[in-house]
Amino acid sequence: MILEPKDVLERLEFDKVLAITEKECLSDLGKLEVRKIFPETGHAIVTRSLAETKEIKEGMETNDRLPVSAFEDISEDLDMLDIEGYVLPIEGLQRINRTLRNFGEVHRYFNQARQLKYPHLFDIVRDYEFDANLVKAIDLVIDENGEIRPDASPLLQKIRKSISSKLRELDKVFKNLVGDYRNKGWLSDSVESIRNGRRVLAVPSEHKRKIRGIIHDESATGQTAFLEPEPIIDINNDIFDLETEEKREIFRLLKELSALLRPYRSFIRDYQKVLVRLDVIQAKGRIGLKMGAMAPKIRKEIYFGLWQAYHPLLLLKNKQAGKKTIPFDLTLLYDNRILLVSGPNAGGKSIFMKAVGLLQLMVQSGFLIPVRGDTEMG
């Protein structure tokens, strides 16, 4: 499509329509796609795009909204999965899981009745299968807060029980030691601390030789030593070994999940593309809802029949300010391609001409427009 003048999109303020639409997107990827929107010229493409936006708006009006929720860009996570043996971190698996859940909701939304009610939207997801077992597999390992489930595997469950038992033992022994050493006056006011991942006592330097154990650190002034008493060294060692074993088991679980998802990465990329497309259509639908807009009938021949049409941006601005906007009618049929517009200064001529151009650009970009239902355009 050749535009004359070349900055006609900006002159007609189509860029402002895109900026408003961008704010309605739920994802950064959707916002990027909105910035790429450019008027189409193919009759079939324009008709289909308008039908998609019309259907999504109808769902909003009847409280039957398409369940597209906010989602993150998982492109980098999927690129990492392309590397054989790469293990995704918990955060990456969470992002993928949210995308899978999101697509799964959309996939389930299209029951038989909705397939008939929203045929153009259904066409977007029609060819995609969805395996809910992928979500289940991730959910069995990672909870909704991004934590590894205690029962993610029998071995992990056993390790964590052992750690809990050792921590209780450590707490009991530590408290007994604190009571004993405090009675002897060997401890600082702040009794304990953590150094090198170990639970230690804060001991005044003059008493540090009175307690058998390992000194892990000293205060900046040198007046306090942080000492691990001998009776808890073995317990701390056991806890360290168990925590190391826990990390190994968690890594194994994440590795298994990454291996499970790897064969599906191309499908998951497609899911993301579908969600981005629906995010953009949904944003268009929200704009249409705010304007009370509708889809005009698209003719193949040159035809302009605008009835009760409004300048979209002026309408939105006036609605927000509680002001009335005056509509207009325009008919240009077949060979009648010229219209003389006259009137006094500040009489609305520029707004009228800009509105006609902007409405045409919006229609060719799949936007609903604020007109009466019997409007036809070609």
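Quantities reported herein were computed from a predicted structural model and do not represent experimental measurements.
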Determine whether [X] and [Y] fall in the same hydrophobic cluster, where Ile, Leu, Val, Met, Phe, Trp and Tyr are linked whenever their side-chain heavy atoms lie under 4.5 Å apart.
X      : Y      : answer
Leu29  : Leu18  : no
Ile250 : Leu261 : yes
Phe38  : Phe367 : yes
Leu134 : Leu140 : no
Tyr181 : Ile215 : yes

Under 4.5 Å between any side-chain heavy atoms of [X] and [Y], yes or no?
X      : Y      : value
Phe174 : Leu201 : yes
Ile124 : Ile281 : yes
Met294 : Val371 : yes
Thr331 : Asp329 : no
Leu254 : Leu88  : no
Val173 : Leu177 : yes
Ile142 : Asn97  : no
Ile232 : Leu170 : yes

Can you tell me how far [atom2] of [Y] sits from [atom1] of [X], rounded to the nearest 0.5 angstrom?
X      : Y      : atom1 : atom2 : result
Gln308 : Arg372 : CD    : CZ    : 6.0 Å
Leu314 : Lys323 : CG    : NZ    : 9.5 Å
Ile163 : Asp241 : CD1   : CG    : 10.5 Å
Ile159 : Ser164 : CD1   : OG    : 12.0 Å
Leu50  : His120 : CG    : NE2   : 10.0 Å

Q: Walk me through it: do Phe304 and Val356 pass the test side-chain contact (heavy atoms from CB on, under 4.5 Å)?
A: CA-CA 10 Å; Phe304 236 84; Val356 173; 3.4 Å; yes
Q: Decide yes or no on side-chain hydrogen bond (donor to acceptor under 3.5 Å, both in side chains) for Gln272 and Ser75, but give the supporting numbers first.
A: CA-CA 9 Å; Gln272 179 169 261; Ser75 303; 3.2 Å; yes
Can you name the closest pair of heavy atoms from [X] and [Y] and give their distance?
X      : Y      : value
Leu313 : Ile20  : CD2-CD1, 3.5 Å
Arg198 : Ile233 : NH2-O, 3.6 Å
Glu256 : Arg252 : OE2-NH1, 2.5 Å
Leu278 : Ile56  : O-CD1, 4.2 Å
Met362 : Pro312 : SD-CG, 3.5 Å
Pro370 : Ala293 : N-CB, 3.7 Å

Answer yes or no: does atom [atom1] of [X] have more than 12 heavy-atom neighbours from other residues, nucleotides or ligands under 6.0 Å?
X      : atom1 : answer
Arg126 : CZ    : yes
Asn63  : CG    : no
Lys57  : NZ    : yes
Lys208 : NZ    : yes
Glu206 : CD    : yes

(Q) For a side-chain contact (heavy atoms from CB on, under 4.5 Å) check, start with the C-alpha distance between Lys117 and Asp64, then their side-chain angles and the critical distance, and finish with the verdict. (A) CA-CA 11 Å; Lys117 188 177 180 181; Asp64 189 27; 3.9 Å; yes
Does any N or O in the side chain of [X] come within less than 3.5 Å of the main-chain N or O of [Y], such that one atom is a donor and the other an acceptor?
X      : Y      : value
His216 : Glu228 : no
Gln115 : Phe110 : yes
Glu105 : Pro67  : no
Arg149 : Asp139 : yes
Ser205 : Gly222 : yes
Asn183 : Gly179 : yes
Lys319 : Lys290 : yes
Thr224 : Ser219 : no
His43  : Ile298 : yes
Arg262 : Tyr86  : yes

Q) What is the ring orientation for Tyr118 with Tyr109, classed by angle as parallel under 30°, tilted 30 to 60°, or perpendicular over 60°? A)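 Tyr118 vs Tyr109 ring planes: parallel.
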Q) For Ser49 and Glu40, what are the C-alpha separation, side-chain angles and deciding distance, and is it a side-chain hydrogen bond (donor to acceptor under 3.5 Å, both in side chains)? A) CA-CA 10 Å; Ser49 184; Glu40 298 284 351; over 6 Å; no
Q | Intermediate values then yes/no, side-chain contact (heavy atoms from CB on, under 4.5 Å), Thr41 and Gln364 | A | CA-CA 7 Å; Thr41 56; Gln364 288 181 232; 4.2 Å; yes
Q: Please test Asp131 against Asn133 for side-chain hydrogen bond (donor to acceptor under 3.5 Å, both in side chains), starting from the C-alpha separation and ending with a verdict.
A: CA-CA 5 Å; Asp131 188 351; Asn133 289 319; 3.2 Å; yes
Q: If a pair satisfies ring-ring contact (aromatic ring centres under 6.0 Å, His included) and one of its residues is in residues 261-297, list it, with sequence neighbours excluded.
A: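 ring-ring contact (aromatic ring centres under 6.0 Å, His included) check on residues 261-297 returns Phe103-Tyr271, Phe130-Tyr271.
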Q | Pairs involving residues 277-287, ordered by first then second residue, that meet side chain to side chain donor-acceptor pair (under 3.5 Å) (sequence neighbours left out) | A |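 Residue pairs with at least one partner in residues 277-287: Ser27-Asp279, Glu52-Arg277.
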Q.
Between Lys36 and Glu33 (salt bridge meaning N to carboxylate O under 4.0 Å), is one present in this structure?
A.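 Glu33 and Lys36: salt-bridged.
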Q | Arg48 and Asp123 ion-paired at < 4.0 Å | A |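 Between Asp123 and Arg48 there is no salt bridge, as every charged N stays at least 4.0 Å from the carboxylate O atoms.
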Q: Determine, stepwise, if the pair Asp171 / Arg199 fulfils salt bridge (charged side-chain N to carboxylate O under 4.0 Å, His left out).
A: CA-CA 10 Å; Asp171 192 55; Arg199 195 170 175 181; 3.2 Å; yes
Q. Would Ile96 and Leu81 satisfy side-chain contact (heavy atoms from CB on, under 4.5 Å), going step by step from the backbone distance to the final call?
A. CA-CA 11 Å; Ile96 288 177; Leu81 274 183; 4.1 Å; yes
(Q) Under the salt bridge (Lys or Arg N to Asp or Glu O under 4.0 Å) definition, can you give me all pairs with a residue in residues 153-168, not counting sequence neighbours? (A)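 Listed once each, the pairs are Arg160-Glu246, Lys166-Glu169, Lys166-Asp238.
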